[in-house]
Amino acid sequence: MASPPSHDAIILGAGGAGLMCAAVSGQRGRKVLVIDHAPEAGRKILISGGGRCNFTNLHVAPDRYLSANAHFARSALSRYSAADFIALVDRHGIAWHEKTLGQLFCDGSARQIVQMLLDECAVGSVTLHLGDAIRDIVHADGLYRVDYGARAASAPALVIATGGPSIPKLGATGVAYDLARKFGLKVVEPRPALVPLTLPGDEALFRSLAGVAAPVVARAGGASFAEAALFTHRGLSGPAILQISSYWRHGEPIGIDFLPGRQGWLVAAKRARPRATLRSVLGDLLPDRLAEALAERIALPGALDEKRDAVLAEVEERLADWIFRPNGTEGFAKAEVTIGGISTDALSSKTMEARKVPGLYAIGEAVDVTGWLGGYNFQWAWASGWAAGQAL
Ligand SMILES: Cc1cc2nc3c(=O)[nH]c(=O)nc-3n(C[C@H](O)[C@H](O)[C@H](O)COP(=O)(O)OP(=O)(O)OC[C@H]3O[C@@H](n4cnc5c(N)ncnc54)[C@H](O)[C@@H]3O)c2cc1C
């Protein structure tokens, strides 16, 4: 006769999603085991937000998430909202502030968020096993048996909360996708997102601007973001570029508006300062090195009053939609998140359970739901973890 299960649920991955799911189901009386191969829980939380964890965003809405199924995240996000997480943070006495664009950060340290989740897990008597590799997973007779380190555990429910492969040096792997495929679930092609873009050799002029930042509007794939862009030794970064990277596809251009919100500024400058040059006018509006590089590229010698208004209008248009053709991204090594992942087709949006594989759940970044920069990804981790935790 088969031996009884050792637990009610086994959660693979002690990141934000796994810990939230464990705490919620543990506090609902379930006997929960969390297994993670990393030596400490919540490593991505610890390094997030520059060590202060941008733990949610006041403007969470389903249209700020990318997924092959745009509606999938709606249910979980509405049932466990940013306000719910803020209430939890407040209950634990963690001080926080809004930095910009609704982004909430700890005043102190991201470690407070990890400790809060661990304390919530302790309230639910969750067992946390860290530092051992998962060796094997077998599904038979309605139970999932997991071999890890020198041990084994079994449960009628298994939660995949192992995230995506971004930042492998922190222990990130693509094991979620291997497991999904093993159980017959589809995987939407994973690719790096919220990631710097690289520029080819012929854009070397811009690489000489490494370290220069400017407020821009970045556009690609039908999306646009008004934030800062930063030139790097390899290409482009900064919040506007990280955001647009999630919408960018290989081979496509991105458009940058270097002077957002300004119209007719060059023709107006010609009237006000006829003997000014493009270089000097740009120098008043942009960081000097950027003004120099753009003026060099546009090559409009002489004073403005020597140019027809139509020519100046063309220059304005070019600066409002400067085309870069990235040749790639800095890859999973530098990506804050992975776009794509376990297809939502097979999952219940209410419980995160695979409809055709009873007892198998997937939550967090492992799933094909990716948020904007700014606390949206943690909110998805909390909300999807909470949804599964309610169902286990
Ligand atoms: C540098 C950086 C900064 C970020 N800053 C923010 C931010 O400020 N705000 C925000 O909203 N988002 C931020 N993110 C994104 C955010 O960290 C993720 O979206 C979130 O951590 C996903 O949570 P998760 O629990 O699904 O996965 P993870 O946090 O990645 O947790 C997965 C867990 O699974 C474990 N695991 C993986 N493979 C295996 C395996 N084979 N065996 C056993 N265990 C395994 C890992 O060790 C890990 O503990 C940032 C990401 C990075 C990389």
Side-chain angles (χ1 to χ4, degrees), residues 10-22 33-57 60 64-66 82 85 96 99-106 110 113-114 117 128-137 146-149 159-179 192-196 239 242 246 330-339 341-342 352 361-386 388:
I10 300 171
I11 299 175
L12 306 178
L19 292 175
M20 173 60 93
C21 181
L33 170 68
V34 181
I35 305 171
D36 197 305
H37 66 170
E40 63 184 335
R43 279 177 137 188
K44 280 197 183 164
I45 300 174
L46 292 174
I47 59 153
S48 68
R52 289 217 161 89
C53 186
N54 176 193
F55 54 79
T56 192
N57 194 294
V60 165
R64 293 173 178 213
Y65 291 83
L66 292 88
F85 194 76
W96 52 270
K99 198 166 167 191
T100 175
L101 301 171
Q103 301 168 5
L104 305 191
F105 287 75
C106 299
I113 297 291
V114 175
L117 293 166
L128 189 59
H129 186 94
L130 301 171
D132 270 320
I134 296 162
R135 290 186 289 105
D136 196 20
I137 296 175
V146 180
D147 293 338
Y148 59 105
V159 182
I160 303 173
T162 48
S166 54
I167 321 276
K169 71 172 188 236
L170 284 180
T173 69
V175 72
Y177 314 142
D178 302 338
L179 285 172
L194 299 183
V195 63
L242 299 182
S246 300
E330 291 198 19
F332 285 117
K334 292 283 167 65
E336 274 198 20
V337 288
T338 304
I339 216 164
I342 299 174
M352 306 292 140
Y361 295 73
I363 56 175
E365 195 178 322
V367 178
D368 173 32
V369 173
T370 308
W372 284 4
L373 186 77
Y376 295 94
N377 285 296
F378 277 135
Q379 188 59 38
W380 169 246
W382 318 136
S384 57
W386 187 90

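Just so you know, ligand 1 is whichever comes first in the structure, and atom 1 is the first atom listed for that ligand.
- Proximity to G13 (heavy-atom distance under 4.0 Å) selects the following atoms of ligand 1: 33 (C), 34 (O).
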Can Y376 and N54 be said to form a side chain to side chain contact (heavy atoms under 4.5 Å, CB included), step by step? CA-CA 9 Å; Y376 295 94; N54 176 193; over 6 Å; no
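- When the heavy atoms of R135, Q103, E336, M20 are ranked by distance to atom 4 (C) of ligand 1, first place goes to E336.
- Comparing heavy-atom distances from atom 17 (O) of ligand 1 across Y376, W380, W382, F378 singles out F378 as nearest.
- Interface atoms of ligand 1 facing N377, defined by a heavy-atom separation under 4.0 Å, are 11 (O), 12 (N), 19 (O).
- Here's the thing with G16: one of its N/O atoms is less than 3.5 angstrom from an N/O atom of ligand 1.
- Atoms of ligand 1 lying under 4.0 Å from at least one heavy atom of A38, given by number and element, are 47 (O).
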Decide yes or no on ring pair (Phe, Tyr, Trp, His ring centres under 6.0 Å) for F85 and F55, but give the supporting numbers first. CA-CA 8 Å; F85 194 76; F55 54 79; 5.8 Å; yes
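- In summary, the atoms of ligand 1 found under 4.0 Å from a heavy atom of G49, numbered by their order in the structure, are 5 (N), 8 (O).
- For ligand 1, the atoms sitting less than 4.0 Å from at least one non-hydrogen atom of N54 are 7 (C), 8 (O), 9 (N), 10 (C), 11 (O), numbered in the order shown with element in parentheses.
- Among G164, G174, S48, the residue whose heavy atom sits closest to atom 5 (N) of ligand 1 is S48.
- Side chain of W96 to main chain of F105: no donor-acceptor pair is present (N/O by atom type, distance under 3.5 Å, no hydrogens or angles).
- The atoms of ligand 1 that sit less than 4.0 Å from any heavy atom of I134 are 42 (N), 43 (C).
- When only interatomic distances are considered, the shortest N/O to N/O separation between I363 and ligand 1 does not fall below 3.5 Å.
- Considering each of L19, D36, I35, the one bringing a non-hydrogen atom nearest atom 47 (O) of ligand 1 is D36.
- Nearest heavy atoms, A172 versus P165: CB-C, 3.9 Å.
- Close approach to A161 involves these atoms of ligand 1, each under 4.0 Å from a residue heavy atom: 32 (C), 33 (C), 34 (O).
- Within ligand 1, the atoms closer than 4.0 Å to a non-hydrogen atom of K44 are 17 (O), 21 (O), 29 (O), 30 (O), numbered from 1 in the order shown.
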